[in-house]
Amino acid sequence: MLRLSRIFTDGMILQRGDTVRVWGWANGDVCLSLTGKEELRAHIEREGEKFTAVLPPVTDTSVVWEISVRCGREELHVKNVRFGDVFLALGQSNMAYGLSATEGWEEIAARAAKADVAFLSLGEKEFSDISELTRPVRPLADLAQEYRWISGSEKELQSVSALSVMTAVLHSERTGVPTGVVIASMGGLSVETYVPREYVEQDEKWKAFCESVGRYVSEKDYNHKGGVNFTQLAGVYNEKVAPLAGLRFAALLWLLGESSAWDYAFAEWFAHALRTIVRVYRATFDGKFIAVGIAPEYYAYGDKHGYEYINEALAHLETELPDYTFVPVFDIAPRWLKCDGELYYHPIHPVNKLPVAQRMEAAIAGEKFPRIESVTFEKGKAVCRIGGDCAVGQTGGFTLAGKNGKYYPARAEIKENTVVVACDDVPCPAYLTYAFMLYANDCNLRTSNGKPVLPYRTKREAVHRGYCFPPAFLSLRQSMTPENCFGWDIGTCREIPVWRDGEIYGGNNTEITVRDGVLTVTACPDNERYFLFGISPLLCASGHAHHLASYRYLSFMLSSPDTVDFLGVVARAADGDVYRFLLHGGRNAAVSLPVGEKETLYCIDVTRGYRCDGAAVLFPLKLRRSFVQAEFLFRSKTDATVTMKNLTFTDKNRTEPVAPRVAETSQRADTQLPDRK
């Protein structure tokens, strides 16, 4: 019986400019030809019933070809074959996510219909329960079921991987050549399902790790894991990747990592597994390897920093593997909701895929993203050298630490292709981080051509208590910040205000603007609200650490052209109790301090303060971690405007003495409490 591998069906696209291999099975001698403007006859290699037909490279991308194969009286034909660029898409749900579930998909579908694109989506067999989905124990010689290539004009395109379709359309439009994608991805896959078994079995260290975290399955126990059968060790490799051996690809496209976002040890395993995948797959298929970062998402398990570790691992592999490019997405604000009334959206699946596809196509074209290439510590500062010129300006997202490993928010100044980073709390810096955080909306370091500089840290390690993840309210650059919270049934993906009207005492009477490192609050206080007004920073949001338990002081500059008193900062604990932090005017504590026209440094001691009854207290770490609201509280008898700058955490009080304002009138005698002396 004569048959070809199930890969070879009408409408397929094969990689141009490389040796062409077509394989199948037959009981006798086989003749195979490729016919277009000319006829090319193949050299046939045999191994038992399997045959491989080898043809010379084809570079003409304008010709439509036909594969003809004959064995005795049997004959097969594969029609409408083109040569162009072909990609292999690998990953989990964000790679598999269907086109029609994304923003602007109708426009992409219309462009796909005009482009010469085709897709072989290696989907799953039908199942009523995920446990019914099993994998072959060993690599298959052919695909497990029948598939067909889908063109860009077919209705079935709607369910094809959005990133695959978008990237193919962009590539075809740029190059003018036919573009195909073979898609071997599925939601929920973990990295080890793409790793050939022998590479785990022969490495005792990583085999032991997989066993310890439940990611190892012996051949004896294969397909006895119920709901995780679909992502067993080597399963997808055996079923969907190994049967493709013989094809050539222009690039391998990878988007997977969410299922390994746990802790640093998991990230180390992920990096080792992906390193193996890159080497094995590139040896098999050739082509570049394009790895896309996972989208900002708060995974509240492991040590809660899995997102940062996985993207760091993905980026670091670029420094050690040839023809590997990392595509960052940390600066692309994810959106997850399509306003069409459907209910199947989930914040782990951003629907704005086009910006990601644009970066993937740029990487295919050879572009790489700039990174901090070296850091030297000179005269109490860190000098970061960037690959490419940086735009002039200021940037956030940097932290510095001394040899004790405690990081502090740092200020950065861009000078051509270097960034000079300093912090008064770290006179002898030894370590640096940039954008190593979940919400990097303040990390705007870019080269002159607008490309974002990749996240970086000088020391790769598990996060410890000394780390600082500067909360959004410190930057005073943006009025909104993302909050992305993964949830099994219900999660959130939204933008929320960083600063709000006073949430404890201040009342609903302020207007707040935040821009270019300056917060401006305009208030119309009145007697009904005791002439108070306040502003509250965002303390509680998924994945945000407010760090009130990490440092001793909160310092900032205040100024006002009006008569305003600053009453300090109050905070509410999770149990509802309200406290007031100690306000410093120099080394002395003060009940309130005037805000003048000249910018003045103020300092709040977050380790000491007062209970609501006025008793002085020390705030233990547990209490400081439990604060859920805070408010910068002011008082004025007239309409007033206050500006704030240079808000930061510190362990040093650098304020100069500020004289308290003289009271306008003495307290009424008939309201005095008894003197208990």
Side-chain angles (χ1 to χ4, degrees), residues 1-88 116-123 136 138-154 156 177-184 238-250 284-287:
M1 178 179 179
L2 173 66
R3 74 177 183 89
L4 290 175
S5 167
R6 293 186 174 107
I7 297 163
F8 299 98
T9 65
D10 294 349
M12 74 180 306
I13 298 175
L14 291 169
Q15 182 58 40
R16 58 175 171 162
D18 207 333
T19 301
V20 181
R21 288 177 171 81
V22 182
W23 61 95
W25 293 263
N27 293 323
D29 292 336
V30 171
C31 294
L32 187 145
S33 63
L34 184 65
T35 307
K37 286 184 178 179
E38 57 180 322
E39 183 179 35
L40 303 176
R41 291 191 173 274
H43 168 71
I44 305 297
E45 299 173 351
R46 295 297 299 263
E47 185 178 342
E49 292 187 351
K50 182 177 180 180
F51 69 86
T52 301
V54 182
L55 294 149
V58 175
T59 57
D60 192 334
T61 60
S62 63
V63 177
V64 177
W65 301 79
E66 181 176 318
I67 298 173
S68 300
V69 58
R70 187 174 65 254
C71 178
R73 294 184 178 181
E74 292 184 279
E75 194 169 324
L76 295 175
H77 299 274
V78 181
K79 301 178 181 179
N80 191 25
V81 177
R82 287 96 68 220
F83 284 83
D85 287 335
V86 189
F87 306 101
L88 175 60
D116 193 354
V117 295
F119 307 91
L120 184 67
S121 187
L122 307 180
R138 296 181 181 87
L140 299 181
D142 196 8
L143 295 172
Q145 55 184 311
E146 301 287 345
Y147 298 99
R148 72 179 189 88
W149 286 78
I150 299 171
S151 73
S153 59
E154 296 183 67
E156 289 85 347
V177 305
T179 303
V181 186
V182 178
I183 305 161
N238 292 343
E239 182 177 322
K240 301 179 188 296
V241 178
L244 305 177
L247 292 181
R248 289 292 182 265
F249 295 104
T284 304
F285 302 116
D286 204 8

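Sequential numbering from 1 along the given sequence is applied to the chain's residues.
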Might you point out which heavy atoms bring P136 and N238 nearest each other, and give the distance in Å? O-ND2, 3.0 Å

Distance-minimising heavy-atom pair for D10 and W149: O-CB, 3.8 Å

Do side-chain atoms of R6 reach the backbone of R148 as a donor and acceptor pair under 3.5 angstrom? no

Would you indicate whether the side-chain heavy atoms of T179 and F87 approach each other to under 4.5 Å? yes

Could you pull out all residues at least two apart from P243 that satisfy side-chain contact (heavy atoms from CB on, under 4.5 Å)? L140, L143

Among residues at least two apart in sequence or on other chains, which ones pass side-chain contact (heavy atoms from CB on, under 4.5 Å) with R248? Q15, D18, R21, D286

Looking at V22, D29, V69, which hits side chain to side chain contact (heavy atoms under 4.5 Å, CB included) with F51? V69

Tightest non-hydrogen contact, residues I13 and V86, listed as O-CG2, 3.4 Å

Side-chain donor/acceptor of K240 to backbone N/O of G123, under 3.5 Å: yes

Around K79, counting heavy atoms of other residues, nucleotides and ligands shown, do more than 12 lie under 6.0 Å from its NZ? no

Residues at least two apart in sequence or cross-chain that pass side-chain contact (heavy atoms from CB on, under 4.5 Å) with S121, listed by chain then number, are I183

Taking R3 first and then E74, would you say they form a salt bridge - that is, a charged N and a carboxylate O separated by under 4.0 Å? no

Which pair of non-hydrogen atoms, one from P56 and one from V20, has the smallest distance, and what is that distance? O-CG2, 3.8 Å

Does a side-chain heavy-atom distance below 4.5 Å link F285 with L244? yes

Looking at every heavy atom in both K37 and D60, which two are closest together, and how far apart are they? NZ-OD2, 4.4 Å

Has the side chain of R82 got a donor or acceptor atom that lies under 3.5 Å from a matching backbone atom of N80? yes

Could you pull out the closest heavy-atom pair between W23 and L247, with the gap in Å? CH2-N, 3.8 Å

